[in-house]
Amino acid sequence: MLVIGVAGTELTAQERDWLQHDGCAGVILFTRNFASREQVDELARAIREAAPRPQLICVDQEGGRVQRFRQGYSALPSLDGLGRDYAADPAAALVRAREHAWLMASEIKASGIDLSFAPVVDLGRGNRAIGNRAFDADPEVVAALTVAYVEGMHQAGMAATLKHFPGHGSVLEDTHFDDAVDPRSLEEMRALDLVPFAAGIKARADAVMMAHVVYPQVAPEPAGYSRRWIEDILRKEMGFRGVVFSDDIGMAAAFSAGGVKERVDLHLDAGCDVVLVCHPELVDEALKAVEGRKLNTMALTGLIGGGAMGWDNLLADQHYRDRRDRLGGVA
């Protein structure tokens, strides 16, 4: 199945056609798709109305520099601030992590969107793409904050997605632009980067997003299309039973798989349930790539939200206003 990107703030006729395809399971939104709270709510409604089956609508609303919707939304702090809070007062930091997660998820759900891909549970060890998106460098600190963040998202009625498995934080390269190779052994990964993922899985995280990083001591291909990482380690060894997303196949580090069809095929064949096709110019070819495949259309059902307050009720909620004010107010 595919989760696709669309070009602007309204659906085009071509994009409505894409939504009819059996392989289209959802839409991911970006800053290019946002003009206001009202507009993004209308866009979400249009997506659902245009599709013949339920669609997962998602976004990356982490806080800090990765916050796709800003005007009218809470100015969410970057996650590394929670790590600094933890060093000063662990108990208070865990409360703050739950509040951050609840606030983020409540606003996204109020906008008619099902899922924000969060939390980042990579270690903060200097990666160009991760940076202050990570809680901390210490895996035990990241694990504790991961559990709190998953709990906060669940309290808001949103599924939680751990990313980027098995850990993108300990290599320098940004996989949006470069190939990335992490030379460490599986034993080193188990002692460090896999610790927060194990904690998040135990906390009943609903989904995992894969990294486009190669770990040659474990498998020769990037983790996102490695059966060794997905089936043997994530599912069998770590016991994960939720949804596995690829990272965006339009990123430079995904090019090693070949063309669009090859990228889609390799990720699905390795055990990814959903392939992200964030660049609209790749969607036509990606949809053709899944024609004739047996698709698990029920895999995303549990991630599609319901029962959101809506903005009027959310803004009237004192609990919401208190959390928003404590975390930095409105952007």
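Heavy-atom basis, side chains included; hydrogens, waters and symmetry copies ignored.
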message = I'd like to know whether CZ of Arg204 has more than 12 heavy-atom contacts from other residues, nucleotides or ligands below 6.0 angstrom.
response = no

Side chain Arg263, main chain Ile249, donor-acceptor under 3.5 Å = yes

ask   = What residues, two or more places apart in sequence or in another chain, satisfy salt bridge (charged side-chain N to carboxylate O under 4.0 Å, His left out) together with Lys202?
value = none

query = Do Tyr215 and Val195 belong to the same hydrophobic cluster, where Ile, Leu, Val, Met, Phe, Trp and Tyr are linked whenever their side-chain heavy atoms lie under 4.5 Å apart, directly or via other members?
reply = no

request  = In plain terms, say whether Asp122 and Arg128 are close enough for a salt bridge, that is, a side-chain N and a carboxylate O under 4.0 Å apart.
outcome  = no

task = Would you please name every residue forming a salt bridge (charged side-chain N to carboxylate O under 4.0 Å, His left out) with Glu237, sequence neighbours left out?
result = Arg190

note = By side-chain contact (heavy atoms from CB on, under 4.5 Å), Arg84 pairs with (sequence neighbours left out) Asp80

ask   = Could you give all pairs that pass the ring-ring contact (aromatic ring centres under 6.0 Å, His included) test and reach residues 24-65, with sequence neighbours left out?
value = Phe34-Phe69, Phe34-Tyr73

Candidates Trp229, Tyr225, Phe245 - the one meeting ring-ring contact (aromatic ring centres under 6.0 Å, His included) with His267 = Tyr225

query = If only atom types and distance count, is the side chain of Asp182 paired as donor or acceptor with the main-chain N or O of Val171 below 3.5 Å?
reply = no

message = When you group the ILVMFWY residues by side-chain heavy-atom contacts below 4.5 Å and let the links chain together, are Val40 and Val66 in the same group?
response = no

inquiry  = Is it the case that the side chains of Trp18 and Asp284 hold a donor-acceptor pair, with the cut-off being a distance below 3.5 Å and no angle test?
reply    = yes

request  = Decide yes or no for Leu115 and Ile57: does some side-chain heavy atom of the first lie under 4.5 Å from some side-chain heavy atom of the second?
outcome  = no

ask   = What's the verdict on salt bridge (charged side-chain N to carboxylate O under 4.0 Å, His left out) for Arg293 and Asp265, showing C-alpha distance, side-chain angles and the deciding distance?
value = CA-CA 10 Å; Arg293 272 188 173 269; Asp265 285 344; 3.4 Å; yes

ask   = With distance as the sole test, does Ser246 use its side chain to make a donor-acceptor pair with the main-chain N or O of Leu276 at under 3.5 Å?
value = yes

task = Ignoring hydrogens and angles, tell me if any N or O in the side chain of Arg323 forms a donor-acceptor pair with the backbone of His319 under 3.5 Å.
result = no

request  = Please confirm whether the backbone N or O of Asn33 pairs with a side-chain atom of Gln39, one donor and one acceptor, at under 3.5 Å?
outcome  = yes

ask   = Is the shortest distance from a Lys or Arg side-chain nitrogen in Glu221 or Arg227 to a carboxylate oxygen in the other one below 4.0 Å?
value = no

query = Within the distance-only criterion (no hydrogens, no angle test), does the side chain of Glu49 pair as donor or acceptor with the backbone N or O of Ala46 below 3.5 angstrom?
reply = no

ask   = Does the side chain of His168 pick up a donor-acceptor pair with the side chain of Asp247 at under 3.5 Å?
value = no

inquiry  = Do Arg96 and His100 pair up side chain to side chain, a donor and an acceptor below 3.5 Å, judged on atom types alone?
reply    = no

message = Within the 3.5 Å criterion, strictly below it, is a donor on Gln71 or Ser36 matched to an acceptor on the partner's side chain?
response = no

inquiry  = Taking Leu19's backbone N and O only, do any of them form a donor-acceptor pair with Gln55's side chain (distance below 3.5 Å, no angle check)?
reply    = no

Sequence-distant partners of Ala199, side-chain contact (heavy atoms from CB on, under 4.5 Å), two or more places apart = Ala143, Val147

key: Arg321, CZ: over 12 other non-hydrogen atoms inside 6.0 angstrom   = yes

ask   = Going by the ring-ring contact (aromatic ring centres under 6.0 Å, His included) test, which pairs reach into residues 179-209, not counting sequence neighbours?
value = Phe165-Phe197

query = Taking NZ, NE, NH1 and NH2 as the nitrogens, is one of them in Asp114 or Lys109 under 4.0 Å from a carboxylate oxygen of the other?
reply = no

query = Under a 4.5 Å cut-off applied to non-hydrogen side-chain atoms, are Phe117 and Glu62 in contact?
reply = no

